[in-house]
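Since the structure is predicted, the reported quantities are computational estimates derived from the model, not experimental observations. Order of the sequence lines sets the chain letters (A, B, ...), proteins ahead of strands, with each chain counted from 1.
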Number of protein chains: 2
Amino acid sequence: MTVLQQAGEGSRAVKRTIEFIRHHRLQKGDRLPSERELSDRFGVTRSSVREALAVLDALRLTERRPKSGIFLRNALEDSGLDSLVIQANLDLPFDERTMRDVSEARVIFETHAIRLACARRTDADLNRLRGLVANYYSRVQAELNVANEDVEFHLAMAAASQNAIIVRTLTPLFLMSFQWRQKYFSSPVIRRRSLGDHQEFVAAIADRNESRAAALVQKHVHSAFDEVRALAEGNGQPESHNQWVGRDQ
Amino acid sequence: MTVLQQAGEGSRAVKRTIEFIRHHRLQKGDRLPSERELSDRFGVTRSSVREALAVLDALRLTERRPKSGIFLRNALEDSGLDSLVIQANLDLPFDERTMRDVSEARVIFETHAIRLACARRTDADLNRLRGLVANYYSRVQAELNVANEDVEFHLAMAAASQNAIIVRTLTPLFLMSFQWRQKYFSSPVIRRRSLGDHQEFVAAIADRNESRAAALVQKHVHSAFDEVRALAEGNGQPESHNQWVGRDQ
DNA sequence: CCTACCAATCTGGTAGGTCCAGATTGGTAT
DNA sequence: ATACCAATCTGGACCTACCAGATTGGTAGG
């Protein structure tokens with residue numbers, strides 16, 4: 001959550017490999033070059049390549065068959081969510097459709113999470129949320145970025161659902177949009193509006209008002225999505241090649 | 001989906017490391033032994049340890065700080081979903097609460113998925129589902145296990161929602177229960193009942209009958225969960241230490 | 001021309017070593 | 001008690017080597 005690790009050769013091999021898959025439009029079942037050839041092509045050692053392949057294996061993207069080769073287990077489009085997080089951290093862009101799906105999924109999942117939170121939240125949950133809002137408030141007053149704090153708050157709401165799986169599901173959805181989230185929250189106006197929303201969230205959860213809370217999610221996420229959409233279009237990217245990811249600097 | 005890779009030293013190092021974290025009850029921020037000590041302790045080379053750590057890094061479980069050490073980024077309890085998939089594949093058991101959360105999350109996510117599927121499914125989606133049911137039928141007739149086919153069908157329903165993120169979210173929930181799913185579907189009675197449910201699913205989606213489809217999900221998942229629960233209790237496991245994972249043989 | 005067979009080659013898996021440079025740490029001198 | 005410095009420890013990357021099974025290409029036999 002705190003600091004993105006700067007890419008070493010290991011991470012770079014992951015990036016190069018994913019780029020290779022993209023560039024060659026490899027599909028499920030296709031075979032990749034051997035480890036030795038990849039290390040040669042990427043200009044790194046086989047160790048680094050093997051580290052990268054271990055990661056891609058864990059993400060269920062590739063499958064290493066001993067004495068045979070490396071094969072694509074899934075097409076890039078239907079790999080796991082964590083693979084999207086990795087791609088985002090590596091500055092590999094997503095397409096418009098993926099971002100739309102993420103937004104829709106987040107609304108769905110978070111709506112249910114907050115409904116459960118209204119029904120099950122404990123006083124400790126409520127206190128934690130209030131503490132987070134207080135911290136959020138002071139940071140907004142100090143004109144500081146609140147990208148991390150926003151994620152923290154939303155995950156805390158999810159945690160109040162008392163279902164750890166829901167939290168773990170929402171986490172990657174936030175992480176993969178971490179890059180532009182930072183841009184989004186660079187605007188003081190946005191920060192203030194977001195703070196107000198959070199305060200309303202807490203009030204609704206405190207009152208156990210499910211329908212109100214659910215309505216707030218829709219409004220909150222959709223307005224954020226529209227904002228980012230406008231931001232991206234303002235950058236002059238053509239619609240069909242919208243780059244939704246881009247680390248600052 | 002097809003065959004679980006037999007654990008090599010690389011995967012074994014992952015398992016040993018997770019076991020180490022569990023055994024020593026390491027918490028977020030705690031430091032692990034150095035790579036050299038881990039390789040020594042596990043009896044494998046540092047390369048294998050580094051491969052394992054690369055995986056744990058990708059799963060957001062650990063963080064390797066250059067020239068400093070290896071630290072736990074998250075407690076095991078709130079690592080990513082994919083880390084649960086890995087743990088399941090490594091025969092590391094889950095507790096009762098996790099399985100309950102998974103079941104609840106699956107009902108929530110799949111209910112929404114199937115609602116969207118009713119609204120958005122194309123004729124191609126419908127044909128695919130019918131083909132899968134036909135295949136399912138013939139396998140049930142032939143007294144074959146349908147654990148894989150069941151996952152395939154449910155993911156195909158999710159795909160009909162036209163939201164790839166929802167599919168990617170449901171996938172790990174299925175994968176992490178893959179082990180006992182195989183046991184569950186070893187019963188011909190279960191297979192027959194499951195087949196009937198699937199046929200009803202397709203009918204509901206064909207008619208775009210959202211409420212009927214949603215009701216079916218509740219029934220389908222809950223009955224399956226109850227069955228597995230009874231199965232686990234029948235094994236004589238005490239409630240508090242229920243082992244929900246256990247590869248056959 | 002087709003088939004069966006075998007050996008050279010290629011593959012991933014693992015081991016074990018080196019060097020590097022920055023972080024950490026503990027002892028020393030102030 | 002503090003400031004400082006050098007030995008030590010750490011992760012990052014590179015390199016070579018060996019193993020054994022899968023793959024493959026050519027050859028001998030039908």
Side-chain angles (χ1 to χ4, degrees), chain A residues 2-18 20-21 24 26 29-74 86 89-90, chain B residues 2-18 20-21 24 26 29-74 86 89-90:
Chain A
T2 52
V3 177
L4 295 249
Q5 70 284 2
Q6 71 273 14
E9 293 304 325
S11 302
R12 216 159 63 128
V14 172
K15 182 173 184 176
R16 296 292 304 271
T17 306
I18 293 180
F20 180 91
I21 296 171
H24 292 271
L26 297 189
D30 285 351
R31 182 185 162 163
L32 277 72
S34 71
E35 297 180 348
R36 289 170 176 85
E37 188 181 335
L38 285 179
S39 74
D40 205 44
R41 193 191 290 258
F42 297 161
V44 297
T45 37
R46 189 148 87 100
S47 314
S48 299
V49 171
R50 282 190 59 77
E51 244 183 78
L53 291 177
V55 169
L56 297 183
D57 264 26
L59 298 176
R60 298 188 298 282
L61 237 169
T62 61
E63 180 185 353
R64 290 182 285 179
R65 301 198 195 131
K67 288 92 192 183
S68 176
I70 307 155
F71 298 85
L72 237 68
R73 186 189 291 263
N74 292 307
I86 301 277
N89 284 345
L90 261 35
Chain B
T2 53
V3 176
L4 298 246
Q5 71 285 3
Q6 70 273 13
E9 294 304 328
S11 302
R12 232 218 325 232
V14 172
K15 181 172 184 175
R16 295 291 304 272
T17 307
I18 292 180
F20 181 92
I21 295 171
H24 292 272
L26 297 188
D30 285 352
R31 181 185 160 162
L32 276 73
S34 70
E35 296 181 347
R36 290 169 177 86
E37 188 181 335
L38 286 178
S39 75
D40 205 45
R41 193 190 292 256
F42 297 160
V44 297
T45 39
R46 192 149 85 99
S47 316
S48 299
V49 171
R50 282 190 59 77
E51 244 183 80
L53 292 177
V55 169
L56 297 183
D57 264 26
L59 298 175
R60 299 189 298 281
L61 238 169
T62 61
E63 180 185 352
R64 290 183 284 179
R65 301 196 195 133
K67 288 94 190 181
S68 176
I70 307 155
F71 299 85
L72 237 68
R73 185 189 289 263
N74 292 307
I86 300 276
N89 285 347
L90 261 35

How close or far is atom C1' of dT16(D) from atom CG of Asp40(A), stated in whole angstroms?
-> 15 Å

Sorted by chain and residue number, the side-chain contact (heavy atoms from CB on, under 4.5 Å) partners of Asp40(B) (sequence neighbours excluded) come out as none

Taking the side chain as every heavy atom from C-beta outward, state whether Ser48(B) and Phe42(B) have any pair of such atoms under 4.5 Å apart.
-> no

Five-pair end axes of the helix from dC1(C)-dG30(D) to dT30(C)-dA1(D), angle between them (10°) | 10°

Across all chains, not counting sequence neighbours, the salt bridge (Lys or Arg N to Asp or Glu O under 4.0 Å) partners of Arg65(A) are Glu63(A)

Sorted by chain and residue number, the side-chain contact (heavy atoms from CB on, under 4.5 Å) partners of Thr62(A) (sequence neighbours excluded) come out as Leu56(A), Asp57(A), Ile70(A), Leu72(A)

Rounded to the Å, how far apart are Phe42(B) CZ and dA15(C) P?
-> 13 Å

State which residues pass salt bridge (Lys or Arg N to Asp or Glu O under 4.0 Å) with Arg46(A); sequence neighbours excluded, sorted by chain then number.
-> Glu35(A)

Ser47(B): partners by side-chain contact (heavy atoms from CB on, under 4.5 Å), with sequence neighbours left out | Thr45(B)

Kindly write out the residues that satisfy side-chain contact (heavy atoms from CB on, under 4.5 Å) with Arg60(A), not counting sequence neighbours, or none if the list is empty.
-> Arg73(A), Asn74(A), Asp82(B), Val85(B), Thr171(B), Pro172(B), Leu175(B)

For Arg36(B), check salt bridge (Lys or Arg N to Asp or Glu O under 4.0 Å) against everything at least two apart and list the hits.
-> none

Contacts under 3.5 Å, N or O only, protein and nucleotides 9-12 of chain D:
| unit_1 | atom_1 | unit_2 | atom_2 | d |
| --- | --- | --- | --- | --- |
| dG11(D) | OP2 | Glu35(B) | N | 2.9 |
| dG11(D) | O4' | Lys67(B) | N | 3.3 |
| dG11(D) | N7 | Arg36(B) | NH1 | 2.8 |
| dG11(D) | O6 | Arg36(B) | NH2 | 2.9 |
| dG12(D) | OP2 | Arg50(B) | NH1 | 2.6 |
| dG12(D) | OP2 | Arg50(B) | NH2 | 3.2 |
| dG12(D) | O6 | Arg46(B) | NH2 | 2.8 |

N/O (side chain, Ser48(A)) to phosphate O (OP1/OP2, dC14(D)) under 4.0 Å = yes

